[in-house]
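Taking it in order: structure first as structure tokens, then the write-up.
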Protein chains: 2
Amino acid sequence: MARKLSNFLCFAVYSANLAFGRAYKPILDKVGLSYTQYIALVALAEEDDQTVGALGEKLFLESNTLTPLLKKLETTGYIRRQRDPADERQVRISLTPAGRRLVDKDLGAPLVGAIGLGDEFPAVQKTVTRLRDNLLRATKTGSEKR
Amino acid sequence: MARKLSNFLCFAVYSANLAFGRAYKPILDKVGLSYTQYIALVALAEEDDQTVGALGEKLFLESNTLTPLLKKLETTGYIRRQRDPADERQVRISLTPAGRRLVDKDLGAPLVGAIGLGDEFPAVQKTVTRLRDNLLRATKTGSEKR
DNA sequence: TCCGATTAGATCGGATACGATATAACTTCA
DNA sequence: TGAAGTTATATCGTATCCGATCTAATCGGA
């Protein structure tokens, strides 16, 4: 007999991610953002004027995902994209005042209660992060380019 | 100053989900499956001959996502889709012998070590599941149809 | 200095997610 | 029984992800 789906940690994480997206959706719809776009804004608020590559390292994404997403954020008016004059290959991303204001609103705050973890919250956050880093490290080794 | 990205539980879950997908990718590429397709197969192995709707409840997905995915799994030869004669609206999904064999291989087993949680594994799995259920419940109330 | 190698983004095609809507099959009840 | 309502699945458009590839800019060494 095969293992049960409910015993798969990967499924727990997969479905929890779906759940987060759905919980954020009604909040983000009001400001015209998708879930991923919001996460990118938070990363930009933490450090402004980043290159696409640096932002991608923080988000674990690459230009194939980020470029279209950032273009939409630029159209929406939350960020600016400009080529770095010192190295024209790079594109630097900065928050507009509107983008900064939006992140400062801390739109996710109302969800903390819904998550319902209480004191465990920081511990869970740390553990899931550790799990992610372990997985990424294990995936990376064995497929190195350099 | 805005909160740091690293303190967002939603980002931990989001990026851990990406990490799982990448860790599974080299394994699943060998058998011609995507990550989501594999998860669907595991759900089917747990209970065969389910309707699309029942499978969707387990996976927290609906027909708009499942129908195309299941059609691909059928083409690949891991499942069969057939209208229920008793109620032609329903489509019942069953594993083919090849699909059953594939799930029985427990392809995710080699990753348990890479996850690196040791004894914590079951506790983390439970906590993330609880967090998901809390979020879904909170999202659902306030947008009920009936 | 100049040409090959490297680097940063961008583009493209395939596979999810998801809201909105369509369609066909069942149910209900006047 | 037959029209209205409901249900199960399918289709469509938009937004991620990701591998593969392209292009333009920079770097490095003979």
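Naming: A, B, ... by sequence-line order, numbering from 1 per chain.
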With heavy atoms under 4.0 Å as the rule, sort A/Leu18 into base, sugar-phosphate or nothing.
sugar-phosphate

Heavy atoms, side chains only, cut-off 4.5 Å: are B/Leu59 and A/Leu5 in contact?
yes

Atom pair distance, as rounded to whole Å: CG in A/Asn17 and C1' in C/dT16
12 Å

From CG of B/Leu70 across to P of C/dA15 the rounded distance in Å is 14 Å

State, with a plain yes or no, whether a side-chain heavy atom of B/Leu73 is found less than 4.5 Å away from one of B/Ile93.
no

Check whether any side-chain N or O of A/Thr36 sits under 4.0 Å from OP1 or OP2 of D/dC17, and answer yes or no.
yes

Where the side chain of A/Gln90 is concerned, which of D/dA10, C/dA8, C/dA10 is the nearest nucleotide?
C/dA8

How many Å lie between CG on A/Asp87 and C1' on C/dA8, as a whole number?
8 Å

The side-chain contact (heavy atoms from CB on, under 4.5 Å) partner of B/Leu55 among B/Val91, B/Leu61, B/Leu70 is B/Leu70

Starting from C1' on D/dA8, measure out to CG on B/Leu55 and report it in whole angstrom.
14 Å

With heavy atoms under 4.0 Å as the rule, sort A/Arg92 into base, sugar-phosphate or nothing.
nothing

Are the side chain of A/Thr96 and the backbone N or O of A/Tyr78 linked by a donor-acceptor pair below 3.5 Å?
yes

Expected list for residues 7-16 of chain B near DNA chain D, using heavy atoms below 4.0 Å, is B/Tyr14

Send over the distance from B/Lys72 NZ to D/dT11 P, rounded to a whole Å.
12 Å

Checking contacts here: which listed nucleotide (D/dT9, C/dA10, C/dA8) is nearest the side-chain heavy atoms of A/Val91?
C/dA10

With no hydrogens and no angle check, is any side-chain donor or acceptor of B/Gln37 less than 3.5 Å from a backbone partner on B/Ser34?
yes

In whole Å, I'd like the distance from the CG atom of B/Leu59 to the P atom of D/dT9.
13 Å

Okay, side chain of A/Gln90, backbone of A/Gln50: is any donor-acceptor separation there less than 3.5 Å?
no

Using only atom types and a distance under 3.5 Å, with no angle test, would you say the side chain of B/Thr139 pairs donor to acceptor with the backbone of B/Leu135?
yes

Is any side-chain N or O of B/Arg81 closer than 4.0 Å to OP1 or OP2 of D/dA10?
yes

What is the distance, to the nearest angstrom, from the CG atom on A/Leu28 to the P atom on C/dC18?
14 Å

Is it the case that the ring center of A/Tyr38 lies less than 6.0 angstrom away from the ring center of A/Tyr24?
yes

Distance below 4.0 Å between B/Lys71 side-chain N/O and C/dT16 OP1 or OP2
no

Could you go over nucleotides 19-24 of chain D and give all protein N or O partners under 3.5 Å, atom names and distances?
from   : atom 1 : to      : atom 2 : distance (Å)
D/dG19 : N7     : A/Asn64 : ND2    : 2.8
D/dG19 : O6     : A/Asn64 : ND2    : 3.1

If you assign A/Phe60 and B/Thr67 each to the DNA chain D nucleotide with the nearest heavy atom, which residue ends up on the more 5' nucleotide?
B/Thr67

Quick one: is C/dG14 close enough that its OP1 or OP2 comes under 4.0 Å of any side-chain N or O from B/Ser34?
no

Nearest whole angstrom, please: distance from the C1' of C/dC18 to the CG of B/Leu61.
10 Å

Can any side-chain N or O of B/Ser15 pair as donor or acceptor with the backbone N or O of B/Ala12 at less than 3.5 Å?
yes

Walking DNA chain D from its 5' end, the first of A/Ala86 and A/Gln37 to be reached, judged by nearest nucleotide, is A/Gln37

Is A/Arg80 reaching over with its side chain to a backbone N or O of A/Ser94, donor-acceptor style, under 3.5 angstrom?
no

